[in-house]
There are 2 protein chains.
Amino acid sequence: MSRQAPTLEDVAREAGVSRATVSRVVNGVRNVDPAIQDLVRRAIERTGYAPNQAARQLVTRRTTTVALVVSGAGDASDTEQNAFATRVFADPFFGRVVGGVVGHLRPRRMHPVLMFAETPEARREVVAYLRQGGADGALVVSTHPDDPLPALLAGAGMPAVLFARPGRPVPLSYVDLAHRDGGRLAAEHLLERGCRRPATVTGPLAVAASQERLAGFRDTLARHGHPHVPVAEGGFTVDSGMAAMASLLAEHPDTDGVFTANDLMAQGAVQVLRDHGRRVPQDVAVVGFDDSSVAVTCRPRLTTVRQPVEEMAATMARLLDDHIKGARTEPTSVIFDPELVVRDSA
Amino acid sequence: MSRQAPTLEDVAREAGVSRATVSRVVNGVRNVDPAIQDLVRRAIERTGYAPNQAARQLVTRRTTTVALVVSGAGDASDTEQNAFATRVFADPFFGRVVGGVVGHLRPRRMHPVLMFAETPEARREVVAYLRQGGADGALVVSTHPDDPLPALLAGAGMPAVLFARPGRPVPLSYVDLAHRDGGRLAAEHLLERGCRRPATVTGPLAVAASQERLAGFRDTLARHGHPHVPVAEGGFTVDSGMAAMASLLAEHPDTDGVFTANDLMAQGAVQVLRDHGRRVPQDVAVVGFDDSSVAVTCRPRLTTVRQPVEEMAATMARLLDDHIKGARTEPTSVIFDPELVVRDSA
DNA sequence: GGCGCGTGGTAGAGCGCTCTCCTGCCGTGT
DNA sequence: ACACGGCAGGAGAGCGCTCTACCACGCGCC
C-alpha cells in the first residue's frame, strides 16, 4: 500500500469522463448511458479503485456504522474494565444480541462498533464518539436498571434504541419482552406437571424484567391456589443460582418445582439440586428462562421460556435505522411474546 | 441535533483566534500560550464543539477503529450467516478475546468494528471495508485452518494480525500458544495422579493447535511408558465432546484419565462419564483446555490448561498498532506459555 | 422553425479538518 | 546597535467525495 490509492479523479481520467459521472456509476444514482457505465466499471477494475469512506462521510454526514453498546451503571476501577467485556460475553445472551444485530446490519453494509460503558468515563467516551460522527446511532444493552447512558444519549439528541425498557422513562425507542407472560408460562407448565410446592429464583429485583417475571409467576400460582411462593433472589449468574437454590432448599426442602429467571441460574440450581440428592425432573422440576445455548448443552436439557433475542436485536437495529433516516421520529416500543420450550428438566 | 454542529471555525471566531490555533489546542500539538489555550478551551466549552472525525480522517488517513474479524472458511448460505455470530459467541473464548482487545484499544481511544467473514461474500466485504479506510487494520480470529482471509489481507497489503498461526504460511504477524507444552502439562498431571489408562479427546485434527496439543500429550505419555493412547476426535463443542467420550468409553471402558482439547468438550465428557456411572475425578480424571468461564461454572470445576487469551488478544492489538504506525514492518510472532490450573476434575 | 423538455454529461463549490509555510516578534550574542 | 535564531500564531492549500447547478443536444410540438 505504499503508492497512493486511486481516487475518483484517477478513474475519471482513465475512463475519459468526469468525476461526477464516475460517482454516479459508483452510487447507482441518476441515469447513465449503459455504454459509459461499462467504460467506468472497466476503469474502476483497472485502477483498483475503492471509494474513500472518510471523504464520503464528510459530505453525506453518514457513516456505515452504529455503536453497539453494552452498558453498566457502576464506577468500576480501571483494572475491572477489561473484565467487564469478558464477563458480559460469558453470558450467551449477548452473543445472540450480536447475531441479531449483525443479521440486520450486514445486508445494509453497516457494521457495529463494539463499546462498553460501565464507567462514567466510558459513557462520556460513547457520547463523544457519537457526537464526533464516529457512528450514526447507538444500540444499547444495559446490564443495570440505573444505567445513566440512555438519558445521556437522549439528552444529546443521538439516535438510540434500547434493549429492554429503561428503569426511568427516557424518550427513546426500545424492544422488550412480555416478561409477565413468561412468568405465567412457567407457572402453568409447573402446575400442569403436577407440582405442589413451586418456588422461584428471581433475577436482581432492581431489574424491571425480574420483577415482572416474578409477578407473572406469582399471580398465576395465586390464581391456582398457591398464595405464597418461596422466593430467592439471584443475580443472573450460575453461582448466584446455586446460592439461591441452596437457601430455597434449606427453608423449603419439599420444593418440587423451581422457576429460575434465566438459564444460567437454572444450571446452577440443577447442580445444587443434584448435590442434595434430588433428581431433575423426577423430584424437582426446573424451568429456566431465555432458551440460551446452555439450555441445550447442559444435562438435563432445560425446559425454558424462550426469549426471541435475535429477532429482538434485529428489530432494535431496524428501529435505529428508521430513526437515523428520519423515517421515525417518535420513540416506539416493540414487545415480543415469550414461548415455552419443553425439554427434559420439567 | 437540528441546528448545525459547531466547527473549528466557530470555535476560532468565538475565541478570537485562528482555526489553526484551535486545532493545535485540541490536538495538543506544538506550544500554545497557556492564556490562549484557556481562551480556546472556554470557547470549546461554550460552543459544545466536537471535532468531526470524518474530516480529520480525510486528512490524517487514520481512523480510530480496527476491524475485529471472526472468520470461517465455509460457503455458508445466507440463512446460516446470522447464526454464525450466535454460535461463535456461544464459546466463552471469544468473549475473552474481545475483552483483551478492548483492554488494549480503549486507553488509546480506539474501537473495534465487529465483522464476520464466513463466506466469500463476507470476506470481500471485510477487505473492501479496510481498503475504503473504514478501519486501519484487522485483528483476525479464524475458526478454520483453511481460512482464506489472512492471505487476502496480506495480498492487499493491509495491516493485520492473527490469533494463532495460519494453516498455510502467510506474511502476517500472529500470537499463539505453545500448544505442545499444554499437552505435556495435561499428561504430566494425569500421570502424577496415578492414571494408568489415559485417553484423549482432540480438537478437529485439521487445526494445527489440535495436532500439537495431541502431540505434546502423546509424546509425554510415550516417554512414560504409554506408547499407545486412545484418541477420539471432537469439534470443540459440548456435543462433540460427548460423542467422542462415548466412543472412547465404548472401546476402552477402563479409561481412568482423559485430556480434552478444550473445556467445552471436557464438560461434555464429564456428562457422558456420569451417565455411564463413572465418578469424576475418582474413577476418571478429566483435564480440559483453555480455562474458560465454563471451567469454573460446571461441576466438578475443571482442572484445565490455561490459555492466557486476554493477554494474547491484547498483544495482538499491540502488534497491530505497531504495524499501523509503521513501527514494525516485518511479520512477528509472539508465543505464550500455557499453565496448568488444578481444580476438582483431575 | 423556434421553443420547451427530457436526457446525459461537465463544472465547481463546498464538507471540516490538518499541516506546511510564512510572518511578526521576542531574546540573545557579538 | 544590529543580525539572527527560535517560537507563537495566522493564512491557505488541499484531503476525496457528493451534489447542485448548468450546458449541449435531440426530439416532438404548435
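Quick note: numbers below take in every heavy atom, side chains included, and nothing from hydrogens, waters or symmetry partners. Order of the sequence lines sets the chain letters (A, B, ...), proteins ahead of strands, with each chain counted from 1. Since this is a predicted model, take the numbers as computed values, not measurements.
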Inset, instruction - Examine B:Tyr174 together with B:Phe163 and report whether their ring centres are nearer than 6.0 Å. - result: no

Inset, instruction - Quick one: label A:Val17 by what it contacts on the DNA or RNA (base, sugar-phosphate, nothing), any heavy atom closer than 4.0 Å. - result: sugar-phosphate

Legend entry - Atom pair distance, as rounded to whole Å: CZ in B:Arg131 and C1' in D:dG16: 15 Å

Inset, instruction - For the pair B:Ser71 (side chain) and B:Ser142 (backbone), establish whether a donor and an acceptor sit closer than 3.5 Å, ignoring hydrogens and angles. - result: no

Legend entry - Short side-chain N/O contact to D:dC17 OP1/OP2 from A:Asn52, under 4.0 Å: no

Inset, instruction - Would you please say whether a donor-acceptor pair under 3.5 Å links the side chains of A:Gln37 and A:Arg41? - result: yes

Inset, instruction - Would you mind telling me which residue lines up with the more 5' stretch of DNA chain D, A:Val26 or B:Gly16, judged by nearest nucleotide? - result: B:Gly16

Inset, instruction - Round to the nearest Å and state the distance from A:Arg24 atom CZ to C:dT7 atom P. - result: 14 Å

Legend entry - Residue A:Val59, side-chain heavy atoms: nucleotide from D:dA8, D:dC17, D:dC15 that is nearest: D:dC17

Inset, instruction - Would you tell me if any nitrogen or oxygen in the side chain of A:Thr21 comes within less than 4.0 Å of OP1 or OP2 on C:dT10? - result: yes

Legend entry - Between C1' of D:dA8 and CG of B:Leu39, the distance in whole Å: 15 Å

Inset, instruction - Return the value, rounded to whole Å, for the distance between atom CZ of A:Arg62 and atom C1' of D:dT18. - result: 14 Å

Inset, instruction - Please determine, for the side chain of B:Tyr49, which listed nucleotide (D:dG10, C:dT18, C:dC17) has the closest atom? - result: C:dC17

Legend entry - Backbone N/O of A:Arg328 and side chain of A:His323: donor-acceptor pair under 3.5 Å: yes

Inset, instruction - Send over the distance from B:Asp33 CG to C:dG24 P, rounded to a whole Å. - result: 20 Å

Legend entry - Which nucleotide in C:dG8, C:dC17, D:dG9 has an atom nearest any side-chain atom of B:Ala55: C:dC17

Inset, instruction - Give a yes/no on whether any side-chain N or O of B:Ser23 is located under 4.0 angstrom from OP1 or OP2 of C:dT18. - result: yes

Inset, instruction - Examine D:dG16: is either OP1 or OP2 under 4.0 Å from a nitrogen or oxygen in the side chain of A:Thr7? Give yes or no. - result: no

Legend entry - Short side-chain N/O contact from A:Arg61 to OP1 or OP2 of C:dG16, under 4.0 Å: yes

Legend entry - B:Val32, nearest nucleotide to its side chain (from D:dG9, D:dA11, D:dC19): D:dG9

Legend entry - Value in whole Å for how far the C1' atom of C:dC26 lies from CG of B:Asn31: 15 Å

Legend entry - Nucleotide D:dC19, atom P - distance to CZ of A:Arg56 in whole Å: 10 Å

Legend entry - Nearest-angstrom distance from the residue atom CG of A:Leu58 to C1' of C:dT18: 13 Å

Legend entry - Base C:dT10 paired with A:Arg19 side chain (donor-acceptor, <3.5 Å): no

Legend entry - Other residues, nucleotides, ligands: >12 heavy atoms within 6.0 Å of B:Arg168 CZ: no

